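These notes concern the structure reproduced below.
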Amino acid sequence: MNYGITPSRLPEHVVAHDIKMVKDLGVKFEFGKKIGDYDELKKQGFAAVFIGVGLWGTSLPKIPGTDKKGVWTAVDFLAKARENKDALNPAKTLL
């Protein structure tokens with residue numbers, strides 16, 4: 001969540017607070033894990049399983065102009081927006 005929500009949309013401390021609240025409810029976060037058999041996970045005591053897959057690969061449509069300066073993938077944009085708090089302000093620029 002920290003990478004997909006830019007600080008200009010939602011302050012980082014708010015995102016961190018929400019994540020902490022979910023953790024405090026007893027939710028266990030696992031990252032970079034291979035998912036096994038669902039029945040096996042239930043035997044291990046999991047009452048529910050949520051699999052949130054993210055696609056951090058980048059791609060651009062095959063149309064003229066995507067090679068121009070200022071054309072970014074969504075991942076590139078989010079990274080730049082996290083670096084620059086004014087990234088989504090139309091009066092400012094990331095270039």
Side-chain angles (χ1 to χ4, degrees):
M1 284 178 37
N2 287 336
Y3 297 104
I5 301 173
T6 60
S8 59
R9 300 251 340 193
L10 194 62
E12 291 181 40
H13 73 276
V14 174
V15 175
H17 177 265
D18 288 350
I19 292 170
K20 183 183 179 318
M21 284 181 46
V22 173
K23 284 182 178 179
D24 289 348
L25 290 171
V27 172
K28 182 178 178 182
F29 291 87
E30 298 274 345
F31 301 99
K33 292 264 188 167
K34 196 172 196 178
I35 302 297
D37 182 83
Y38 176 73
D39 290 328
E40 182 59 35
L41 292 171
K42 285 184 73 174
K43 286 180 193 172
Q44 293 176 28
F46 290 95
V49 177
F50 171 80
I51 302 170
V53 296
L55 178 61
W56 285 98
T58 61
S59 64
L60 289 168
K62 294 181 183 2
I63 57 174
T66 57
D67 59 336
K68 303 293 184 197
K69 183 178 179 180
V71 176
W72 306 319
T73 64
V75 173
D76 292 337
F77 172 78
L78 289 172
K80 289 179 187 308
R82 290 198 61 71
E83 294 168 10
N84 179 351
K85 305 272 192 249
D86 293 321
L88 299 180
N89 181 341
K92 308 261 182 175
T93 181
L94 293 173
L95 301 176

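Note that the coordinates shown come from a computational prediction; the quantities given were computed from them, not determined experimentally. The figures here come from the full heavy-atom set of this structure, side chains too, leaving out hydrogens, waters and symmetry mates.
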Under 3.5 Å, which donor-acceptor pairs link side chains of residues 24-31 to any protein atom two or more places apart or in another chain?
from: Asp24; atom 1: OD2; to: Lys20; atom 2: NZ; distance (Å): 2.6
from: Lys28; atom 1: NZ; to: Glu30; atom 2: OE2; distance (Å): 3.1
from: Glu30; atom 1: OE1; to: Lys33; atom 2: NZ; distance (Å): 3.3

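- Qualifying side-chain hydrogen bond (donor to acceptor under 3.5 Å, both in side chains) partners for Thr66, counting only residues two or more places apart in sequence or in other chains: none.
- Ile19 has its side chain within reach of Val15: a pair of non-hydrogen atoms, C-beta onward, lies under 4.5 Å apart.
- A search for side chain to side chain contact (heavy atoms under 4.5 Å, CB included) contacts involving Asp37 returns Asp39, Glu40, not counting sequence neighbours.
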